[in-house]
Every structure is written in structure tokens, then in C-alpha cells.
Amino acid sequence: MNLPVVQACLTETDLTRIHRAVSYVATHDTHQVLAELLPDLTAEERDDVSRHLVFDHTAVLVFPDSLDGLCEELRRCGLRPGPVTPSVVVRERLARRHGPVLGDSPVGIVHVAVDGRSVEIFALPVPPGSGLEAVAEAERAAEHEAHAAFAVTSPGAVVPAGLRTLLTERGGAAPDGGGYNDHEDVTVLYFRTSDHRRFELRLPGRHEPLPDPATALLGVMTGAWATQAVAAMAELRIADHLADHPGLTADTLARRTGADPDALRRLLRYLTTLGLLTSADGTYHLTETGRPLRTGTEFSLHPLALLYGGPFYDSFAGLTHSVRTGQEAFAHRHGQHHFPYFAQRPGLGALFHRAMAASAEMFTPVPHLVDFSGVRRVIDVGGGNGALLARVLRAHDHVEGVLLERPEALEAARTQLAAQGLDRRCTFVTGDFTASVPGGGDLYLLSRVLHDWEDDRCLTILRRCAEAMRPGSRLLVVERLLPEREGAWSTAVAWDVHMLCNVGGRERTEAHYRHLLAEAGFALTTSHNLPLQASLLHAERM
Ligand SMILES: C[S@@+](CC[C@H](N)C(=O)[O-])C[C@H]1O[C@@H](n2cnc3c(N)ncnc32)[C@H](O)[C@@H]1O
């Protein structure tokens with residue numbers, strides 16, 4: 001007997017993609033999908049998130065001969081398709097990507113139930129001779145419409161707002177459109193993970209849409225304006241005025257800072273939207289974010305605001321030059337590397353050292369993370385204004401210090417340590433760490449030095465240290481570490497571009513430092529997290 005010939009409506013590839021989606025839904029729970037999509041969230045954060053949402057479905061776009069044929073074929077495979085409904089959103093997205101070739105071809109949606117969840121199958125019919133084969137091929141390769149979807153289970157506005165913040169700021173996901181669907185009374189928000197996978201949040205009710213792509217991009221593009229607004233706030237010492245007299249009006253502030261009242265009011269309004277000030281009834285107050293711009297406080301960010309809005313800002317305009325050539329734009333723009341440039345301009349040099357001290361909070365735990373019992377002498381190589389060495393000497397009375405620096409920086413260090421009564425326990429040495437490093441230390445410090453240089457120069461500095469050290473003596477490295485996973489969020493990623501553009505150095509992963517240290521004769525033993533996303537690497541001279 002001849003069996004009826006069943007005409008396949010889906011290609012083998014599309015059928016496999018549907019089966020893969022079904023098996024994914026059947027074998028993954030909310031936790032597993034979150035872990036796959038957002039590996040940067042901690043386990044606690046994922047637990048928190050999964051209290052407010054559940055994994056609902058995955059989606060796949062296929063290209064059957066016809067929508068009826070698709071449902072028949074799904075049934076033949078043992079799947080139970082629901083009714084086909086038209087998909088306006090996916091049709092529009094396809095039309096945007098492929099233009100008029102799409103004509104008025106419909107796009108259907110059909111859901112297949114899988115263990116209480118579902119697979120959402122979008123289908124663009126591609127009958128033979130329709131001319132849509134190239135569209136199908138391109139879409140299969142790019143998988144633009146594939147996504148995982150979570151249904152948010154907590155009603156109200158608070159949870160969705162918190163989820164958005166956590167997913168974008170901690171999870172590294174980027175908003176990718178969405179909108180309100182009034183048939184279902186659901187708001188759908190799309191996100192892209194850092195490795196470009198797409199997921200969707202389905203929120204019951206109407207919620208603020210995420211910024212449209214152009215608005216989001218404009219926000220990024222105008223970041224330089226924010227840098228300058230903060231620098232102007234620093235130059236005018238607005239934070240000091242408002243800290244001394246909270247609730248000043250723009251007119252009073254203008255009189256006290258010598259500014260134009262209308263222009264200042266406009267600046268203050270912008271700073272308010274940036275979160276540095278609040279305003280009520282025409283009076284202004286500092287926020288917690290604005291407070292570190294006060295001068296004369298420990299860890300004041302005032303000098304850093306001036307530096308980032310000043311010479312480093314100018315050279316950031318040459319970032320494309322840096323990217324084309326691999327050379328720092330600072331030297332291209334100012335004619336010299338920043339160390340000699342600042343050295344010839346004492347005001348700028350002093351500003352640089354004060355700016356480095358602004359982040360000295362990262363050093364606070366260092367004296368307690370290391371065993372100093374057998375340490376008599378600590379050598380701080382490129383010690384800047386001595387902020388780290390001072391903390392070590394203050395915490396450990398029996399330790400004496402040696403600070404190696406360029407001549408112009410040594411005075412700042414001497415003054416700092418003298419102000420704390422520590423200069424008698426410290427020797428100040430002028431020198432060049434690429435030529436030699438003082439011997440006789442039990443412990444060596446290299447804080448925020450290696451990130452200033454490319455690998456070759458780092459190896460030279462590390463080898464000079466190794467030559468000065470006895471086998472078994474220790475080296476501590478303080479740096480911001482790049483995340484090992486490409487695409488993961490970290491402040492080090494932005495600073496790496498700053499190092500490229502302004503300094504000619506780079507930020508590195510822990511593995512990169514381990515490799516450099518090994519090349520120079522050190523074994524990296526442990527690492528600790530420090531405040532401000534810095535790390536302390538412990539290495540031993542082999
Ligand atoms: C980024 S700062 C870090 C300062 C300090 N260790 C800290 O963490 O605050 C780098 C320091 O290296 C010093 N430096 C640069 N080239 C040097 C050289 N060839 N020899 C000694 N010190 C140098 C600079 O003067 C600067 O103070």
C-alpha cells in the first residue's frame with residue numbers, strides 16, 4: 001500500500017529550531033534562564049529578581065510555506081498549536097529591516113504549550129517563488145526575533161522600576177524598545193544582554209516605556225555636556241556655597257560666585273536633572289551625589305572634576321586618533337605625555353596628585369588585608385603623594401617607608417606625610433622606576449602605576465622591582481581590574497578607554513596581570529576587592 005505523501009511545509013532547519021526552543025522551555029526554569037542571560041547578577045540578586053517574575057516563553061521566527069501548513073506540521077510533530085493571530089510588531093520590524101520586498105505578506109503568531117509555559121512561534125510565510133527566500137535566510141542567521149520572555153508577577157509601579165534598574169545597571173542589559181499592548185493590557189519591554197541576546201519583560205498594566213533608541217542615544221551623546229556642567233559647578237565652588245548655606249537662590253548664588261544669574265539658573269536646572277542638586281521654590285540643595293564636590297574634605301572629587309573637565313577633556317576630543325593609531329591623544333593634542341606636561345606646569349601637577357588622592361578611599365582596607373608582622377621596610381614605587389604609604393605607616397608603628405617618585409611629585413608626598421607626622425619614618429627617593437628601584441624592602445607597593453603603561457614598560461618596571469627584591473619578598477599591586485568576561489559591565493571598561501586616550505596605558509584583567517607578573521618572576525598568590533571597584537593583588541618574588 002502506498003502511504004500518502006506528506007508535503008513538508010517547514011525546512012529541516014526551521015523544524016530543528018522549533019524543537020530546540022521546545023526543549024529549552026521544557027528543561028529551563030526561571031533561575032537557569034536568568035543565570036544564562038544575566039551572569040553578572042549575583043545569586044542573591046537573581047533570587048530577588050525571581051521573586052517578582054517567572055520565565056514564560058521563548059520565541060522563534062520561522063518561514064513555512066503557509067500558516068495553515070505550519071499548524072498541520074506542528075500537530076504531526078506531536079505539538080499542540082493554539083490559534084494563529086497576526087503579529088503587527090514583528091511584521092513592522094521585518095519591514096524596517098527588509099523594506100518593500102515584504103509586500104503585504106502577513107506575519108502570524110502561534111503558541112505551543114510546553115509544561116505550563118510556551119514557545120511563541122512567529123511565522124512569515126515564504127511560498128515557493130515569493131522572492132522572500134533571502135529574507136528568510138538572513139533572519140535565520142541573525143535570529144533578531146528570538147528571545148526569552150519573563151512575566152512580571154508583582155503588580156504596581158515599584159517592582160517594574162526596580163527590575164529595570166537592576167537589570168540594566170547591575171545585569172548589563174540594554175533597553176531595546178517595547179510598548180503598551182491595549183488588547184492584553186500588558187506593557188512589553190525588550191532588553192539586549194551584553195552578548196546580544198534578547199529578552200522581554202511582560203508587565204501587567206500600562207507602564208512608562210523605556211526611552212526610544214534616539215532619545216537613549218542622545219542621552220549618551222551628550223555625556224560630555226554633563227562632564228562640563230560638573231566642571232563648571234566645581235570651578236564656581238557651588239557645592240561649598242550650598243554646603244555652608246543650604247537653600248540659596250540662584251540670584252544669591254550668582255552674586256556669591258560672580259556668575260550671570262540667568263545663565264547660572266540654567267546650569268543649576270541641568271545639574272538638578274543630573275542628580276547633583278535638588279530645587280524647591282527657587283532654592284537649591286546639594287544631594288548626596290553632589291556633596292563630594294565640596295573642597296577641603298577627605299576624598300573630595302573637586303580636583304578630579306577640574307581635571308576631567310580640563311586637560312583630559314581636551315584630549316578626549318582626539319579619541320578617534322587614539323583608536324586609529326593606538327597612541328594616546330593627550331600627547332597628540334598637548335605635544336607631550338601627561339607626566340612631563342604636568343611636571344612643567346606645577347599647578348596642573350599639583351591638581352593631578354590631589355585628583356589621585358580623591359580616590360584614596362580605596363586604600364583604606366589595605367593595611368588590614370596584609371600581614372605586616374614581619375615587615376620592617378615598605379617601598380612604595382611611584383607612590384604619588386604618599387596616600388597609600390601614609391595609611392600603612394599610620395596603621396603599623398614598626399614599619400618605615402621609602403617612597404620613590406619623579407622629582408616634581410616628591411614634594412607633594414613630603415608635605416602630605418609631614419602633615420601627619422610620618423615624614424621621620426619615611427625616606428623620599430627621587431628616581432626612575434624603569435632604571436632602578438630601591439633595595440632592602442620586605443614589601444613593595446605598585447599602586448595604580450602599571451595601568452599607566454603598555455605591557456613592555458610594565459615588564460621593565462616589574463623586572464626592576466624583582467631585581468631589588470629578595471626571593472620570597474612580597475609585592476602588592478593596586479589596580480582596577482577589567483572583567484574576564486567580554487561585555488560584562490565594570491567602571492574599569494570606561495577607564496580603559498581613558499587610559500588609551502589620555503595616558504597611553506590600559507586596564508587589565510587579573511589573568512593579564514598574572515601573566516605579566518609571571519614573566520617578570522612573580523607568582524600572583526591572592527587578590528582582594530577594595531572600595532571603588534579596585535583590587536589588591538598579592539604577588540611573591542619567585
Ligand atoms: C597614577 S599615579 C599613582 C600614584 C600613587 N601610587 C597612587 O596610587 O595614588 C602614577 C605615579 O607614577 C609616577 N611616575 C611616573 N613615571 C615615573 C617614573 N619613571 N619613575 C618613578 N615614578 C614615576 C607619577 O609621578 C605618578 O605619581
Side-chain angles (χ1 to χ4, degrees), residues 298-301 303-304 307-308 311-312 328 330-331 336-346 348-367 378-393 401-417 426-438 443-454 456-465 468 475-481 492 495-496 498-499 502-508 530-537:
E298 198 182 17
F299 312 135
S300 165
L301 293 182
L304 209 54
L307 204 59
Y308 284 169
F312 284 155
E328 85 258 29
F330 191 99
Q336 269 174 309
H337 185 276
H338 86 87
F339 284 131
Y341 181 85
F342 287 177
Q344 286 158 19
R345 294 162 181 80
L348 268 185
L351 181 66
F352 176 77
H353 288 293
R354 281 190 285 124
M356 291 305 291
S359 41
E361 188 188 347
M362 67 175 65
F363 301 145
T364 309
V366 174
V378 173
I379 317 269
D380 193 353
V381 180
N385 75 348
L388 174 56
L389 189 58
R391 275 174 174 70
V392 170
L393 297 183
V402 177
L403 190 140
L404 173 73
E405 251 301 343
R406 295 166 59 97
E408 71 277 0
L410 220 46
E411 258 337 284
R414 209 189 293 275
T415 312
Q416 280 293 321
L417 275 98
C426 188
T427 311
F428 300 90
V429 180
T430 301
D432 173 358
F433 49 43
T434 61
S436 70
V437 163
L443 185 79
Y444 285 72
L445 306 176
L446 266 179
S447 166
R448 300 188 285 179
V449 165
L450 296 177
H451 76 159
D452 285 342
W453 309 102
E454 274 299 351
D456 284 355
R457 186 74 68 100
C458 287
L459 278 175
T460 306
I461 298 167
L462 287 169
R463 286 189 176 121
R464 294 296 89 87
C465 290
L475 170 70
L476 300 181
V477 174
V478 177
E479 291 292 355
R480 276 201 177 91
L481 297 181
W495 258 276
D496 181 48
H498 165 64
M499 301 316 284
N502 277 315
V503 183
R506 61 169 63 233
E507 304 294 1
R508 299 176 171 84
L530 296 177
L532 304 177
Q533 299 205 335
S535 292
L536 178 68
L537 306 179

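In listed order, ligands and their atoms are each counted from 1. The analysis underlying the following values was restricted to heavy atoms, covering all of them including side chains, and did not include hydrogens, waters or symmetry mates. Start at 1 with the first residue, then count along the sequence.
Close contacts between ligand 1 and His353 involve ligand atoms 27 (O) [criterion: under 4.0 Å to a heavy atom]. Shown in contact with Gly431 at under 4.0 Å from a heavy atom are these atoms of ligand 1, numbered in order with element: 20 (N), 21 (C).
Classified by interplanar angle (parallel below 30°, tilted 30° to 60°, perpendicular above 60°), the ring pair Phe339/Trp453 is tilted. Aromatic ring orientation, Phe312 versus Tyr308: tilted (interplanar angle from 30° to 60°).
Considering only non-hydrogen atoms, atom 8 (O) of ligand 1 lies nearest to Ser447 out of Gly505, Gly386, Pro407, Ser447. The heavy atom nearest to atom 21 (C) of ligand 1, out of those in Phe433, Phe342, Phe363, is found in Phe433.
For Asp496 (side chain) and Glu507 (main-chain N/O), a donor-acceptor pair under 3.5 Å exists by modelled atom type. One N or O on the side chain of Glu479 and one on the backbone of His451 form a donor-acceptor pair closer than 3.5 Å. At distances below 3.5 Å, not a single donor-acceptor pair connects side-chain atoms of Arg406 with backbone N or O atoms of Ala343. Distance alone, capped at 3.5 Å, places no donor-acceptor pair between the Arg448 side chain and the Gly384 backbone.
We find that Glu411 and Arg414 are joined by a salt bridge, their nearest charged nitrogen and carboxylate oxygen being less than 4.0 Å apart.
In Met356, the part holding a heavy atom less than 4.0 Å from any atom of ligand 1 is the side chain. Of all the heavy atoms of Glu408, none lies under 4.0 Å from any atom of ligand 1, so neither backbone nor side chain is involved.
Among the atoms of Asp452, none of the N or O lies under 3.5 angstrom from an N or O of ligand 1. Taking any N or O of Gly382, backbone or side chain, at least one lies under 3.5 Å from an N or O belonging to ligand 1. At least one N or O atom of Glu405 sits closer than 3.5 Å to an N or O atom of ligand 1. Between His451 and ligand 1, not a single N/O pair is under 3.5 Å apart. For Arg448, a nitrogen or oxygen atom sits less than 3.5 Å from a nitrogen or oxygen atom of ligand 1, counting backbone and side chain alike.
For the pair Leu388 and ligand 1, no heavy-atom separation below 4.0 Å is found. By the 4.0 Å heavy-atom criterion, Ala387 is excluded from the residues contacting ligand 1.
The heavy-atom pair separating Met362 from Val478 by the smallest distance is SD-CG1, 3.9 Å.
Side-chain contact between Leu443 and Ile379 is absent, with no heavy-atom pair separated by less than 4.5 Å.
Nearest non-hydrogen protein atom to atom 19 (N) of ligand 1 is Asp432 OD1, 2.8 Å.
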